[in-house]
Amino acid sequence: MVSPRNIRLALAILVVTASIGIVVVIVQKGSSPVPPELVSQQLPLNIDVALRKAHFSESREGSTVWSLVAERAEYDKNKEVAYLDGIRMEFVRRDSTGKIVVVAAKGTYSTKTKNVNLRGKVHVATESGALFDTESLDYLASGSRFSTAELVSFRQQRLTLNARGMTLDVDGQAAHFLTSVDATVEGLKSK
């Protein structure tokens, strides 16, 4: 028969062994290095600052001419250029003309000249309902106008036209197409 002394000894050995096992597991789990969190991507050597939801604007004589918001902007201080992605540019409503909104996939903004080069699915919408679509469009701040040598699709009310090359005066909102145009007016019947 097993004596109570042997039972106590067996229980004590079991408790001590379990305690040592628990301590070993805790030490192993606690001492294993935690994998480092990923640090944000390194910037290319020519980029000084990278921003999300970057905001730029141009002012003249104390009033805002336009504001631009980019989903992402990378600024190169040496070239004084910001490389932009996900662009929305808005020209302020004037007394004689309405607001203009421009969106583009990407582009560049020169902090020195205030010029903006827009690239990829550029869409221009005026408050009067004129719509322009092209693959590239350049805003020249000195003349306050847009220009492109690319194919442009224009729509307003019943008129649709396509042309290669265009200038658009922001202040007067007058568009000049640089080549002959292919135009369609809806609702007209030809004889």
Side-chain angles (χ1 to χ4, degrees), residues 50-76 79-191:
L51 304 167
R52 292 202 184 281
K53 293 286 186 186
H55 186 266
F56 302 91
S57 63
E58 180 184 1
S59 297
R60 287 189 205 135
E61 300 172 7
S63 63
T64 302
V65 176
W66 57 261
S67 63
L68 182 151
V69 176
E71 290 297 318
R72 180 167 169 79
E74 295 178 341
Y75 183 67
D76 182 345
K79 292 182 181 177
E80 298 181 14
V81 171
Y83 300 94
L84 312 171
D85 288 314
I87 300 167
R88 179 181 171 86
M89 187 175 188
E90 197 168 299
F91 288 80
V92 178
R93 179 176 183 42
R94 304 255 184 253
D95 293 336
S96 60
T97 58
K99 179 172 68 170
I100 297 175
V101 177
V102 183
V103 294
K106 61 184 179 175
T108 59
Y109 168 62
S110 169
T111 56
K112 185 175 183 178
T113 64
K114 307 290 187 212
N115 292 343
V116 181
N117 300 318
L118 304 159
R119 301 293 180 262
K121 298 186 182 193
V122 182
H123 179 74
V124 179
T126 68
E127 198 169 324
S128 65
L131 303 172
F132 302 87
D133 289 296
T134 186
E135 281 302 309
S136 73
L137 191 63
D138 298 325
Y139 172 71
L140 306 171
S142 62
S144 194
R145 74 173 180 273
F146 287 104
S147 70
T148 185
E150 298 283 333
L151 182 64
V152 178
S153 295
F154 168 81
R155 292 178 310 284
Q156 187 172 24
Q157 295 174 354
R158 299 182 323 160
L159 176 65
T160 303
L161 68 84
N162 294 307
R164 184 161 299 280
M166 174 195 76
T167 60
L168 173 63
D169 175 51
V170 172
D171 296 330
Q173 293 189 6
H176 299 280
F177 298 97
L178 306 179
T179 62
S180 59
V181 298
D182 177 21
T184 304
V185 178
E186 290 181 29
L188 290 181
K189 294 181 183 179
S190 60
K191 293 184 178 184

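Here, residue 1 is the first one in the sequence, and each next residue gets the next number. Because only heavy atoms are used, hydrogens play no part in the values below, and waters and symmetry mates are left out as well, while side chains stay in.
When all heavy atoms are compared, the tightest approach of Ser67 to His55 is CB-NE2, 3.7 Å. Across Leu118 and Val102, no two heavy atoms sit closer than the pair CD1-CG1, 3.5 Å. Nearest heavy-atom pair, Ala54 versus Ala73, reported as atom, atom and distance to 0.1 Å: CB-CB, 3.6 Å. Residues Ala163 and Val181 come closest through the heavy atom pair CB-CG1, 3.5 Å. Between Trp66 and Phe56, the shortest heavy-atom contact is CZ3-O, 3.8 Å. The heavy-atom pair separating Thr167 from Ser147 by the smallest distance is CG2-CB, 4.0 Å.
For the salt bridge (Lys or Arg N to Asp or Glu O under 4.0 Å) with Glu71, the qualifying choice from Arg88, Arg52, Lys53, Lys106 is Lys53, the only one to do so. Evaluated for a side-chain contact (heavy atoms from CB on, under 4.5 Å) with Leu137, the options Val152, Leu168, Val124 yield exactly one hit, Val124.
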Exercise. Stepwise, does the side-chain contact (heavy atoms from CB on, under 4.5 Å) test hold for Leu131 with Thr126?
Worked result: CA-CA 7 Å; Leu131 303 172; Thr126 68; over 6 Å; no

Exercise. Please walk me through it: do Asp133 and Arg155 pass side-chain contact (heavy atoms from CB on, under 4.5 Å)?
Worked result: CA-CA 9 Å; Asp133 289 296; Arg155 292 178 310 284; 3.1 Å; yes

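With a 4.5 Å cut-off on side-chain heavy atoms, Ile100 and Gln173 count as touching. Using a 4.5 Å heavy-atom cutoff, the side chains of Thr134 and Phe132 are not in contact.
Here the straight-line distance linking atom CG of Asp171 with atom CZ of Arg145 works out to 11.5 Å at 0.5 Å rounding. Here the straight-line distance linking atom CG of Asp182 with atom CZ of Phe177 works out to 12.0 Å at 0.5 Å rounding. Distance CE/Met89 to CG/Leu84: 10.0 Å, rounded to 0.5 Å. Here Leu161 contributes atom CG and Met166 contributes atom CE; the two are 10.0 Å apart, rounded to the nearest 0.5 Å. Residue Ser57 holds its OG atom at 9.5 Å from CG of Leu68, rounded to the nearest 0.5 Å.
Ion pairing between a basic and an acidic side chain is recognised when a charged N comes within 4.0 Å of a carboxylate O; Arg93 and Glu127 show such pairing.
Looking only at distances, a side-chain donor or acceptor of Ser63 sits under 3.5 Å from a matching main-chain atom of Arg60. Thr148 places a side-chain N or O within donor-acceptor distance of the main-chain N or O of Ser136, the cut-off being under 3.5 Å.
Within the structure, side chain to side chain donor-acceptor pair (under 3.5 Å) pairs that include any residue of residues 109-122 comprise Tyr75-Thr111, Thr108-Asn117, Ser110-Thr113, Thr113-Asn115, Arg119-Asp138 (at least two apart or interchain).
By the 30° and 60° cut-offs, the orientation of the rings of Phe91 relative to Phe146 is perpendicular.
In summary, the side chains of Ser153 and Asn162 do present a donor paired with an acceptor at a separation below 3.5 Å, with no hydrogens or angles considered.
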